[in-house]
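Indexing begins at 1, ligand by ligand and atom by atom, following the structure's order.
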Amino acid sequence: MSSLSTVLCIVGTRPECIKMAPVIRALRARGRCRVLVVSTGQHRDLVAQELREFGLVVDFDLDVMRENQALSGLTARIFESLDPLLVETAPDLVLVQGDTTSVMAAALCAFHRRIPVGHVEAGLRTDDVASPFPEEMNRRVTTVAARLHFAPTAGARDALLREGVAADRVFLTGNTVIDALTARAEAVEPAPTARPRRILLTAHRRENHGAPIRRICSAVRRLIERFPDLEIVYPVHPNPNISRPVTELLSGIERVVLRPPLGYGDLIAEMKSAQLVLTDSGGIQEEAPALGRPVLVLREETERPEAVAAGAAILVGTDEDRIVAEATRLLLEADARAAMTGAGSPYGDGRAAERIAEICCAHLEGRAPVVDEFAFGGSARHVAA
Ligand code: UD1
């Protein structure tokens, strides 16, 4: 039997893959532990495709996804299928990333087996445990279960310390999404576009199911009518609560390009060729400022206030008039766009995964980590925009 420690890296959804992939690679590059990749299967198809883009494969697939899955059923299936795998592989450390149901369930499963958990992207918070639903609850539960907390920003670190997490377990690493973006962005060309103006739109969150997604679609129609030279590209999430209304309200409209979910490279290409990004996605809120693209956040609140504070993003919510007004202003005023894009990225310096790998190895080897902290100096440096 190998004397190497084992680290189990759990991913459930596509964004977790993107943000965990740099950590898996950094850990493997050190060659000091065995690194296994587990997909819960919460997003069966998207995960394998995404990992392939990073040159990674799934070692174990728990295959838990069901059509229109309910949260408790999903949680129960993860508990039942992950626990035997923890027994079989006997990891010394389990890594989770973010705030999905996969993360929360895997962290609790590991806790039940007394296996230390490292939480990548720890400490994001809103004031309301029920919003975003269920992510805010997921990340709070994960914090309680975790041993090592990798905070992407100073604000996230401070939130953990305020909640009483021991300071020697909290590490300010930056967000691994910037590592992923840095690794990929340079090689990606902007997506070809036939129109002078282009918006990239994504919306998928549970809080936007129902009336909000319909208001977002109405705003899209009004923007398309107002700007004859505008194209809006929308990669549509497969969740039927999103795909059904979006198809009903936006398919067949000229210059609205509905696309299936995009792989990471294609999404970067779309961000690069857009003048403006409208999104409710956490990852895109982090990536677009790093690429120098202004962001309108289609949510009432965000646990990523740094880009808003830096002036790179505006929280517009899902009020139809407000979306149309802000998008119109930014499409018409190059100066207003430039004021937002000069802000740079407060989320990372591309070295988060390296720091996390060192901290994990130090933990496994029972020594103090040799690591610096991520510091955002307010620089306007962009990632290969
Ligand atoms: C999930 C996460 C959310 C994350 C998002 C990223 C939870 C509760 N939600 O939301 O935090 O931001 O992923 O994408 O963890 N589906 C497919 N194929 C897929 C993926 C989803 O058909 O590849 C459909 C299925 O019908 C599934 C439904 O989408 O039942 C909902 O999936 P679920 O993972 O529960 O929620 P998401 O909205 O994807």
_Ligand-residue contact atoms, ligand 1 with Leu46, heavy atoms, under 4.0 Å_ = 23 (O)
*From atom 35 (O) of ligand 1, work out which of Arg206, His43, Arg66 has a heavy atom at the shortest distance.*
Arg206
*For ligand 1, does Pro15 get within less than 4.0 Å through its side chain, its backbone, both, or neither, judged by non-hydrogen atoms?*
side chain
*Does Glu50 reach the main-chain N or O of Tyr264 with its side chain, forming a donor-acceptor pair under 3.5 Å?*
yes
*Among protein heavy atoms, which sits nearest to atom 19 (C) of ligand 1, and what does the distance come to when rounded to 0.1 Å?*
Pro238 CG, 3.6 Å
_Subset of ligand 1 atoms that lie under 4.0 Å from at least one heavy atom of Pro134_ = 8 (C)
*Quick check: does any side chain N or O of Glu231 sit under 3.5 Å from a backbone N or O of Arg198, one acting as donor and the other as acceptor?*
no
*Are Arg205 and ligand 1 in contact, using a heavy-atom cut-off of under 4.0 Å?*
no
_Nearest-neighbour protein heavy atom for atom 4 (C) of ligand 1, which is reported as residue plus atom name and distance_ = His204 NE2, 3.9 Å
_Taking atom 26 (O) of ligand 1 as the reference point, the nearest protein heavy atom with its distance_ = Asn68 N, 3.0 Å
*Would you say Gln42 and ligand 1 have an N/O pair spaced under 3.5 Å apart?*
yes
*State whether a side-chain donor-acceptor pair under 3.5 Å links Glu163 with Thr143.*
no
*Number the atoms of ligand 1 from 1 as they appear, then name those within less than 4.0 Å of a heavy atom of Met65, with their elements.*
17 (C), 18 (N), 19 (C), 22 (O)
*Top protein contact for atom 32 (O) of ligand 1, by heavy-atom distance*: Gln69 NE2, 3.4 Å
*asked:* If we count only N and O atoms by modelled type, under 3.5 Å, do the side chains of Gln97 and Glu121 hold a donor and an acceptor together?
replied: yes
*Could you walk me through whether Glu88 and Phe60 pass the side-chain contact (heavy atoms from CB on, under 4.5 Å) test, one step at a time?*
CA-CA 11 Å; Glu88 182 191 328; Phe60 300 95; 4.1 Å; yes
*asked:* Does Glu358 form a salt bridge (charged side-chain N to carboxylate O under 4.0 Å, His left out) with Arg30? I'd like the steps, not just the answer.
replied: CA-CA 9 Å; Glu358 162 61 13; Arg30 289 175 167 248; 2.8 Å; yes
*Single-linkage hydrophobic cluster Val37~Leu93, side-chain heavy atoms < 4.5 angstrom*: yes
*Is it the case that one hydrophobic cluster holds both Leu267 and Leu46, taking links as side-chain heavy atoms less than 4.5 Å apart, direct or via other members?*
no
*asked:* Checking side chain to side chain contact (heavy atoms under 4.5 Å, CB included) between Pro132 and each of Glu303, Arg206, Glu300, which is the one that passes?
replied: Glu303
*Starting from atom 9 (N) of ligand 1, locate the nearest protein heavy atom and write down its residue, its atom name and how far away it is, to 0.1 Å.*
Glu135 OE2, 3.7 Å
*Would you check whether His237 has a nitrogen or oxygen atom less than 3.5 angstrom from a nitrogen or oxygen atom of ligand 1?*
yes
*Report the part of Ser102 in contact with ligand 1, treating N, CA, C, O as backbone and CB onward as side chain, heavy atoms under 4.0 Å; options are side chain, backbone, both, neither.*
neither
*Return the residue, atom name and 0.1 Å-rounded distance of the protein heavy atom closest to atom 38 (O) of ligand 1.*
Asn239 ND2, 2.9 Å
*Which protein heavy atom lies closest to atom 8 (C) of ligand 1, and at what distance to 0.1 Å?*
Thr101 OG1, 3.2 Å
*Ignoring hydrogens and angles, state whether a donor on the side chain of Gln42 or Thr101 is under 3.5 Å from an acceptor on the partner side chain.*
no
_Test item: Asp280 side-chain N/O and His204 main-chain N/O as donor-acceptor pair under 3.5 Å_ = yes
*If you count the atoms of ligand 1 from 1 in the order shown, which ones are under 4.0 Å from a heavy atom of Leu71?*
8 (C)
